[in-house]
Enquirer: 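I have a structure here, written as structure tokens, and I will follow up with some questions on it.
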Amino acid sequence: MGEAPVFIVQDLQKGSSNGLESKSGALETATIVGDKKFVIGGTEGETFSVKVQILGEWVNVVELGTKPISCNGHSAVLLKDRILILKKNSKPDDCIWFLEVDTQYVRMQKKLLGTEVVAWSKGVMGNAEKPVIISGPSGVGKGTLISMLMKEFPSMFGFSVSHTTRAPRSMEKDGVHYHFTQKSVMEKEIKDGKFLEFASVHGNLYGTSVEAVELVSDAGKRCILDIDVQGARSVRASSLEAMFIFVCPPSMEELEKRLRDRGTETEEQVLKRLRNAQNEIEQGKSSGIFDHILYNDKLEECYVSLKKLLGLHGCVTPPPKSAPKEIIKIPKDHSVSKIDDKIIINCISSELQKESKNLIMLDVFSLKGGAPGRTRGLDFKVIDSFSNGNRNGPM
Ligand SMILES: Nc1nc2c(ncn2[C@@H]2O[C@H](COP(=O)(O)OP(=O)(O)O)[C@@H](O)[C@H]2O)c(=O)[nH]1
Ligand SMILES: Nc1ncnc2c1ncn2[C@@H]1O[C@H](COP(=O)(O)OP(=O)(O)O)[C@@H](O)[C@H]1O
């Protein structure tokens with residue numbers, strides 16, 4: 001794909017890309033990127049579909065990620081490696097989506113699957129706090145520290161519920177501690193691109209689904225992931241920006257004591273976990289994956305150190321959330337222009353227009369994240385329309 005961003009949509013003069021009605025009645029847009037054409041469409045109430053032509057020939061395409069539901073048409077604007085989709089007349093938290101066509105993730109998946117791939121990612125306003133990855137050997141106290149944090153700051157943190165093929169312990173609940181699943185089911189879901197990362201740990205498969213992380217961030221909470229060192233390495237290599245913390249035991253003897261006292265594993269499993277612990281600790285300390293190492297000797301002291309890392313020490317109640325911003329609603333009638341990293345949405349008939357504020361400026365300069373998962377860093381402003389009555393856009 002060429003270096004220069006290509007911006008070719010139906011209506012180049014106005015820079016607009018409003019959907020056209022196809023023969024089937026679905027509203028479609030066509031976006032040309034190099035020698036490819038991406039036809040994106042959907043009948044109201046159904047999920048969007050993507051068709052791809054390369055040099056005029058239709059090709060098979062694998063669509064990864066959760067697809068948006070079509071809603072009365074959309075506009076499409078090509079950014080460098082992804083197509084911005086503005087859904088008309090849809091809810092404010094569901095109006096901006098991205099179809100990634102040439103991002104690093106898509107290129108990697110193309111290599112893996114040996115076929116044309118596109119990936120969906122929902123756009124989210126502003127920047128949520130980075131997820132926190134907590135790793136460490138079995139029995140070191142990760143679960144205990146995470147529970148303390150969630151108990152003290154329930155509205156601030158949410159736990160990413162992993163999938164695992166291991167059997168549940170007596171106190172563990174499906175969907176709360178883990179999604180307990182079958183190996184064949186999980187392997188199929190991994191193939192379908194539903195997992196952000198996965199690893200074989202102590203003889204079982206564990207993994208973080210994209211949905212698990214999205215559920216937490218959509219609830220406006222900071223996501224906590226309890227995953228092993230291999231998983232942390234995969235997340236480091238992914239588009240998910242996170243804070244990486246490794247928890248170390250004060251000694252191997254103390255680790256063994258905690259594991260045995262917990263009484264949740266058979267003797268064989270305890271020995272396997274202890275054998276793996278040495279290697280995990282070496283990797284945790286030396287691999288360069290982790291931003292911080294915490295020693296969990298005295299639990300309360302370690303918890304205070306964790307809170308310090310998260311900027312929470314001395315916080316009795318959660319810090320106030322920033323004031324909610326104006327919400328964005330893209331009306332059915334609008335045109336779209338692109339100037340550098342700004343998308344200008346000219347709302348032709350809407351509530352905003354009554355207030356002489358019919359332009360929405362969407363800043364896509366500092367997009368973060370993306371498939372698999374949400375695209376963050378979107379910012380928008382509602383701005384005044386032109387006093388000379390020009391309704392055709394700012395250019
Ligand atoms: N890569 C990866 N590791 C996970 C995930 N969930 C849990 N783990 C790790 O799997 C290991 C075993 O977890 P578990 O069976 O709950 O035992 P415990 O650590 O002794 O409580 C721990 O190192 C967890 O951090 C996941 O989604 N992905
Ligand atoms: N600092 C500590 N001192 C003594 N016991 C601890 C400490 N931290 C955790 N524990 C205990 O050690 C056991 C293992 O902790 P857990 O949180 O289940 O570890 P992990 O999730 O890392 O496998 C639990 O019984 C827990 O109560």
Side-chain angles (χ1 to χ4, degrees), residues 131-151 159-174 176-181 186 189-190 194-213 215-216 223-238 240 242 244-266 269-281 283-284 289-290 294-306 372:
V132 185
I133 310 280
I134 301 194
S135 292
S138 179
V140 73
K142 303 176 297 294
T144 309
L145 289 163
I146 293 171
S147 300
M148 290 166 84
L149 202 59
M150 307 265 292
K151 200 168 164 203
F159 185 61
S160 154
V161 181
S162 294
H163 282 61
T164 182
T165 59
R166 87 149 158 75
R169 295 172 187 152
S170 59
M171 299 300 285
E172 286 178 332
K173 288 202 184 87
D174 190 26
V176 176
H177 299 93
Y178 280 106
H179 297 288
F180 296 98
T181 183
M186 192 163 162
E189 290 181 345
I190 289 170
K194 294 199 173 149
F195 280 80
L196 184 66
E197 63 76 33
F198 61 92
S200 173
V201 195
H202 315 315
N204 282 301
L205 202 52
Y206 292 79
T208 309
S209 70
V210 174
E211 195 185 356
V213 177
L215 270 177
V216 176
C223 189
I224 304 203
L225 291 87
D226 174 346
I227 60 177
D228 85 317
V229 178
Q230 306 167 74
R233 182 175 282 117
S234 304
V235 176
R236 258 283 184 226
S238 80
L240 187 80
F244 292 76
I245 300 173
F246 189 80
V247 188
C248 269
S251 66
M252 288 307 285
E253 293 71 33
E254 174 64 17
L255 184 71
E256 180 167 356
K257 182 176 179 308
R258 287 182 197 172
L259 251 185
R260 289 191 187 286
D261 289 353
R262 189 172 71 182
T264 48
E265 268 69 37
T266 62
Q269 286 163 348
V270 168
L271 293 176
K272 189 183 264 182
R273 280 159 190 264
L274 287 173
R275 272 199 305 275
N276 292 341
Q278 196 67 52
N279 183 30
E280 285 171 316
I281 295 169
Q283 295 229 11
I289 299 172
F290 294 93
L294 282 181
Y295 283 87
N296 184 15
D297 187 357
K298 303 263 179 299
L299 183 60
E300 273 308 322
E301 283 173 20
C302 184
Y303 180 56
V304 168
S305 305
L306 175 63

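Residue numbers start at 1 and run along the sequence shown. Whatever order the structure lists ligands and atoms in, that order sets their numbers, starting from 1.
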Enquirer: Which protein heavy atom lies closest to atom 13 (O) of ligand 1, and at what distance to 0.1 Å?
Expert: Tyr178 OH, 3.3 Å
Enquirer: Which heavy atom in Phe159 sits nearest to a heavy atom in Val176, and how many Å separate them?
Expert: CD2-O, 4.2 Å
Enquirer: Assign the ring pair His163 / Phe195 to parallel, tilted or perpendicular, where the plane angle (0 to 90°) is split at 30° and 60°.
Expert: perpendicular
Enquirer: Roughly how far apart are Thr266 OG1 and Lys272 NZ, rounded to 0.5 Å?
Expert: 9.0 Å
Enquirer: Does some side-chain heavy atom of Leu225 sit less than 4.5 Å from a side-chain heavy atom of Glu197?
Expert: no
Enquirer: Hey, which atoms in ligand 2 end up nearer than 4.0 Å to a heavy atom of Ser138?
Expert: 23 (O)
Enquirer: Is Arg169 salt-bridged to Glu265, going by a charged N under 4.0 Å from an acidic O?
Expert: yes
Enquirer: From the options Asp228, Ile227, Val235, select the one whose nearest heavy atom is closest to atom 1 (N) of ligand 1.
Expert: Asp228
Enquirer: Heavy atom of Glu265 under 4.0 Å from ligand 1?
Expert: no
Enquirer: Surrounding CZ of Phe198 (heavy atoms of other residues, nucleotides or ligands, distance under 6.0 Å), is the total greater than 12?
Expert: no
Enquirer: Is Gly207 close to ligand 1, meaning an N/O of one under 3.5 Å from an N/O of the other?
Expert: yes
Enquirer: Can you spot which of Ile224, Thr144, Val132 makes a side chain to side chain contact (heavy atoms under 4.5 Å, CB included) with Leu149?
Expert: Ile224
Enquirer: Any nitrogen or oxygen of His202, side chain or backbone, less than 3.5 Å from one on ligand 1?
Expert: no
Enquirer: Only heavy atoms count here, so choose which of Lys142, Arg258, Met148 is nearest to atom 11 (C) of ligand 2.
Expert: Arg258
Enquirer: Below 4.0 Å from ligand 2: does a non-hydrogen atom of Asp261 turn up there or not?
Expert: no
Enquirer: Can you find an N/O atom of Thr144 closer than 3.5 Å to an N/O atom of ligand 2?
Expert: yes
Enquirer: In terms of atom number and element, which parts of ligand 2 are under 4.0 angstrom from non-hydrogen atoms of Asp297?
Expert: 1 (N), 2 (C), 3 (N)
Enquirer: So which heavy atom in the protein is nearest atom 14 (C) of ligand 2, and how far is it from that ligand atom?
Expert: Gly139 O, 3.5 Å
Enquirer: Would Arg258 and Glu254 pass as an ion pair if we require N to O under 4.0 Å?
Expert: yes
Enquirer: With a cutoff of 4.0 Å, is Arg169 in contact with ligand 1, counting heavy atoms of the residue only?
Expert: yes
Enquirer: Does ligand 1 have an atom under 4.0 Å from some heavy atom of Arg273?
Expert: yes
Enquirer: Tell me the protein heavy atom at minimum distance from atom 19 (O) of ligand 2, and give that distance in Å.
Expert: Gly141 N, 3.1 Å
Enquirer: Taking atom CD as the centre, does Gln269 end up with more than 12 heavy-atom neighbours from other residues, nucleotides or ligands that are less than 6.0 angstrom away?
Expert: yes
Enquirer: Are any of the N/O atoms on Arg262, whether in the backbone or the side chain, positioned under 3.5 angstrom from an N/O atom of ligand 2?
Expert: yes
Enquirer: Under 4.0 Å, counting heavy atoms only: does Gln230 come that close to any atom of ligand 1?
Expert: no
Enquirer: Just verifying a value: how many Å separate Leu240 CG and Ile133 CD1, rounded to the nearest 0.5 Å?
Expert: 6.0 Å
Enquirer: Do the side-chain N and O atoms of Arg166 and Thr164 include a donor-acceptor pair separated by under 3.5 angstrom?
Expert: no
Enquirer: Look at ligand 2 and say whether Gly136 reaches it with a heavy atom at a distance under 4.0 Å.
Expert: no
Enquirer: To the nearest 0.5 angstrom, please state how far the CD atom of Gln230 sits from the CD atom of Glu280.
Expert: 8.0 Å
Enquirer: Under 4.0 Å from a heavy atom of Leu299: give me the atoms of ligand 2 that qualify, with their elements.
Expert: 1 (N), 2 (C), 8 (N)
Enquirer: Just jot down the ligand 2 atoms closer than 4.0 angstrom to any heavy atom of Gly143, in number order.
Expert: 17 (O), 20 (P), 21 (O)
Enquirer: Please classify the Arg258 to ligand 1 contact at 4.0 Å (heavy-atom distances, strictly less than): side chain, backbone, both or neither.
Expert: neither
Enquirer: Within less than 4.0 angstrom of ligand 1, does Gly143 place any heavy atom?
Expert: no
Enquirer: Quick one: does His163 get a heavy atom under 4.0 Å from ligand 1?
Expert: no
Enquirer: For the atom pair CD (Gln283) and CG (Asn276), what is the distance rounded to the nearest 0.5 Å?
Expert: 10.5 Å
Enquirer: What protein heavy atom sits nearest atom 8 (N) of ligand 2, and how far away is it?
Expert: Asn296 ND2, 3.1 Å
Enquirer: Give yes if a backbone or side-chain nitrogen or oxygen of Asp226 is under 3.5 Å from a nitrogen or oxygen of ligand 1, and no if not.
Expert: yes
Enquirer: Give the atoms of ligand 2, by number and element, whose distance to some non-hydrogen atom of Pro137 is under 4.0 Å.
Expert: 22 (O)
Enquirer: Could you tell me the separation between the OG1 atom of Thr165 and the OH atom of Tyr178, rounded to the nearest 0.5 Å?
Expert: 10.5 Å
